[in-house]
Amino acid sequence: MSRGSYISSSPFTGRFHARKLSPSVITFYIMFIFAFSIFVFFFYMRNISVDEDPPYPLLSQQSKPHQVPELHVHYKQLWESPFNHSLHQCVKPTTKYKAAHGFDRYLTVRSNGGLNQMRTGISDMVAVAHIMNATLVIPQLDKRSFWKDSRYYWLYCIFKYVLYLNPFSIFFPIGYVCSVFSDIFDELHFIESMKGDVRIVKELPKNLEGVPRARKHFTSWSGVGYYEEMSRLWNDYQVIHVAKSDSRLANNDLPLDIQRLRCRAMYHALRFSPPIENLGKRLVDRLRSRGGRYIALHLRYEKDMLSFTGCAYGLTDAESEELRILRENTNYWKVKKINSTEQRIGGFCPLTPKEVGIFLHALGYPPSTPIYIAAGEIYGGNAHLSELSSRFPNLIFKESLATPEELKAFANHASQTAALDYIICVESDVFVPSYSGNMARAVEGHRRFLGHRKTINPDRKGLVGIFDMLGTGELEEGKELSHMVQRMHKNRQGAPRKRHGSLPGIKGRARFRTEESFYENPYPECICGSRSKLEIT
């Protein structure tokens, strides 16, 4: 299979040394640990609920087909990638490029966010380390995302921290440790691949573990000049700790060698760990054996996304209220009051499963089309997902593609299962995201880098009017609807184009937020159209 390669001293991750404690203090200390763990256990046990819906893989067997007129669209139009004009990858450095060494300067990083935020952030920090001529310490991963992985996972992390201080830790099971870089990424491959660009080490030298560090929140979307100015910190510190890694570099107006370095880090060096890569390849092979071509659908119809965006269209009153309460109680979501209707009209809502079904059928895909669902738990379960499966019964999930034994190693680890989805999406014949989030942008960029594989981006704002006309009876499913949808998406299928700049009329640093992400479309810096293809790597 051809594919690209896929925190500061926190009290949870630093090194600790045993301290001499009196027997009475040790006894109290151990009793406190057990009392605390029992309290937490019963607190969470009371929140365990049983899902009364049948598992998603059974949907294709239970749903009744939705009767819609059959459309006949040419096979090539459905599956073939857009013409790429003989473009090819070009990531080799120019003759002026020099590797960074930074043998006495160290950059430590806490990589924040979910899987794809971490991946793009780590790639940015490789480039930042090069600009600042520093050694990069293997990044620490975001613990908040790990808390979502397992109900008790964070408790083990606390135990790991506490028991390192406990002289009797030998009596307690500390083998279950917090997730680290190597649980998701191939650490040795990452270090070796970047050897010609940036020196990377697994951890700080022991003699620097206790030295004062400069703790910095580097400004978002900064250029080379900013980081050259930040290099003055080396005059007073040997270690700089970066609290956030995402969006640390500008999308545009960076030197060609820095942009290509970001591509080498993202698409060559950041390969997933061997267990993830191997299972991902097997799952793709199984999908192919079921009928050859398949669509990967990133169905972002999940509780957190609907609550965050304030999108309640198609939900019951009870579901809408549940999402409102969740938004109110999530402190780091700043916007609490959201007009759901305005969000939908503006195109800021994920497509519903029903809307995805109408959309794919209007494009001409037959009901028998294999569709791999890349998503977390769909909000409302089968009640909402059946609105898609009634049109496309051949829905495929990880649980129906892999054996329980294969998935056991990844159970309760959201970032690792997201990595499996990522591999399957990158390798699909057609990729369709229902929402333009971090995953959708990263997959689209990777598919562009690998040869502009077909990626259909729904025009959510434009589709609202069509869906509303269907709802009022002004329009029916058939040829007229199909022509409207196909015409609307003729130029939204992943064909080569240069990266979009900022939106007009926006000034100051706010304009950077409106630029298309470098990792969503690395053309033209990492994708070339020259006659010679000697630059291909």
Side-chain angles (χ1 to χ4, degrees), residues 4 84-85 87-94 96-97 100 111-113 116-132 197-198 216-231 242 244-270 433 436-450 452 455 457 491-492 494-530 535 537:
N84 65 11
H85 306 287
L87 296 173
H88 58 278
Q89 302 172 16
C90 51
V91 296
K92 285 187 175 180
T94 67
K96 299 179 180 180
Y97 181 80
S111 186
N112 61 300
N116 291 289
Q117 259 182 293
M118 290 192 291
R119 291 178 71 250
T120 56
I122 291 168
S123 300
D124 271 6
M125 294 314 302
V126 167
V128 169
H130 181 275
I131 296 169
M132 298 184 69
D197 300 290
V198 176
K216 291 294 297 181
H217 284 268
F218 287 144
T219 302
S220 300
W221 300 292
S222 295
V224 170
Y226 172 83
Y227 287 105
E228 289 176 343
E229 176 66 20
M230 288 297 102
S231 295
V242 184
K244 282 189 173 185
S245 65
D246 65 320
S247 304
R248 295 307 103 182
L249 274 174
N251 292 303
N252 304 307
D253 302 322
L254 292 177
L256 178 61
D257 275 325
I258 295 301
Q259 298 288 58
R260 289 188 174 181
L261 172 56
R262 297 168 85 180
C263 288
R264 291 197 295 277
M266 182 73 165
Y267 303 125
H268 291 177
L270 269 181
S436 57
N438 293 318
M439 167 82 162
R441 291 193 292 268
V443 170
E444 179 178 355
H446 203 155
R447 289 171 67 83
R448 287 181 177 277
F449 182 77
L450 294 175
H452 290 89
T455 299
N457 268 307
N491 297 318
R492 300 179 66 93
R497 60 169 176 79
K498 291 186 177 181
R499 192 167 56 254
H500 295 315
S502 58
L503 294 178
I506 300 179
K507 299 180 180 180
R509 296 200 61 82
R511 72 185 187 277
F512 295 126
R513 289 184 177 273
T514 67
E515 292 179 343
E516 184 176 19
S517 167
F518 173 79
Y519 298 107
E520 184 177 0
N521 184 10
Y523 180 52
E525 297 93 341
C526 301
I527 301 173
C528 302
S530 60
E535 290 182 298
T537 58

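Throughout, numbering of the chain's residues begins at 1 and tracks the sequence.
Under the salt bridge (charged side-chain N to carboxylate O under 4.0 Å, His left out) criterion, Glu520 pairs with no residue at all, not counting sequence neighbours. Not counting sequence neighbours, Tyr226 has no partner by the ring-ring contact (aromatic ring centres under 6.0 Å, His included) test. Looking at residues two or more places apart in sequence or on another chain, you find no ring-ring contact (aromatic ring centres under 6.0 Å, His included) involving Tyr523. Every residue two or more places apart in sequence or in another chain was checked for a salt bridge (charged side-chain N to carboxylate O under 4.0 Å, His left out) with Glu515, and none qualifies. Partners of Ala129 by side chain to side chain contact (heavy atoms under 4.5 Å, CB included), not counting sequence neighbours, listed by chain and number: Leu107, Leu136, Val198. Ser245 is linked by a side-chain hydrogen bond (donor to acceptor under 3.5 Å, both in side chains) to Ser111, counting only residues two or more places apart in sequence or in another chain. By the side chain to side chain contact (heavy atoms under 4.5 Å, CB included) test, Gln117 pairs with Asn112, Asp246, Asn438, sequence neighbours left out.
To the nearest 0.5 Å, atoms CZ (Arg262) and CD1 (Ile122) are separated by 14.0 Å. With rounding to the nearest 0.5 angstrom, the CE atom of Met132 is 8.0 Å from the CE atom of Met125. Going from atom NE2 of His446 over to atom SG of Cys263 covers 10.0 Å, rounded to the nearest 0.5 Å. The SG atom of Cys526 sits 9.5 Å away from atom CG of Leu261, with the distance rounded to the nearest 0.5 Å.
For residues 437-447, the salt bridge (charged side-chain N to carboxylate O under 4.0 Å, His left out) pairs, not counting sequence neighbours, are Glu444-Arg448.
Only one option out of Asn251, Asn521, Asn252 pairs with Arg499 in a side-chain hydrogen bond (donor to acceptor under 3.5 Å, both in side chains); it is Asn252.
The two residues Leu254 and Gly223 come nearest to each other via the heavy atoms CD2-CA, 3.8 Å. Phe518 approaches Gln259 most closely through the heavy-atom pair CZ-O, 3.4 Å. The two atoms that bring Asp257 and Pro93 nearest to each other are OD1-CA, 3.3 Å, heavy atoms only. Of all the heavy atoms in Pro522 and Gly445, the pair that sits closest is CD-O, 3.9 Å. Contact between Leu249 and Ala127 at its shortest, heavy atoms only, is CD1-CB, 3.5 Å. What you find for Val91 and His268 is that their closest heavy atoms are CG2-CE1, 3.7 Å.
Here the side chains of His452 and Ile527 are in contact, with some heavy-atom distance below 4.5 Å. Counting heavy atoms from C-beta outward, Val224 and Pro255 have side chains that approach closer than 4.5 Å. Counting only heavy atoms from C-beta outward, the side chains of Phe449 and Met266 never approach each other to under 4.5 Å.
Donor-acceptor pairing under 3.5 Å is lacking for the side chains of Tyr227 and Arg248.
Disulfide criterion (SG-SG under 2.5 Å) for Cys90 and Cys528: met.
Panel note: side chain Arg492, backbone Asn457; a donor-acceptor pair is recorded below 3.5 Å. Checking side-chain atoms of Arg260 against main-chain N and O of Lys92 turns up a donor-acceptor pair under 3.5 Å.
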Only distances under 3.5 Å count here; give the side-chain donor-acceptor pairs of residues 504-512 to other protein atoms, sequence neighbours excluded, each with its distance to 0.1 Å.
residue	atom	partner	partner atom	Å
Arg509	NH2	Ser220	O	2.2
Arg509	NH2	Trp221	O	3.3
Arg511	NH1	Gly508	O	2.7

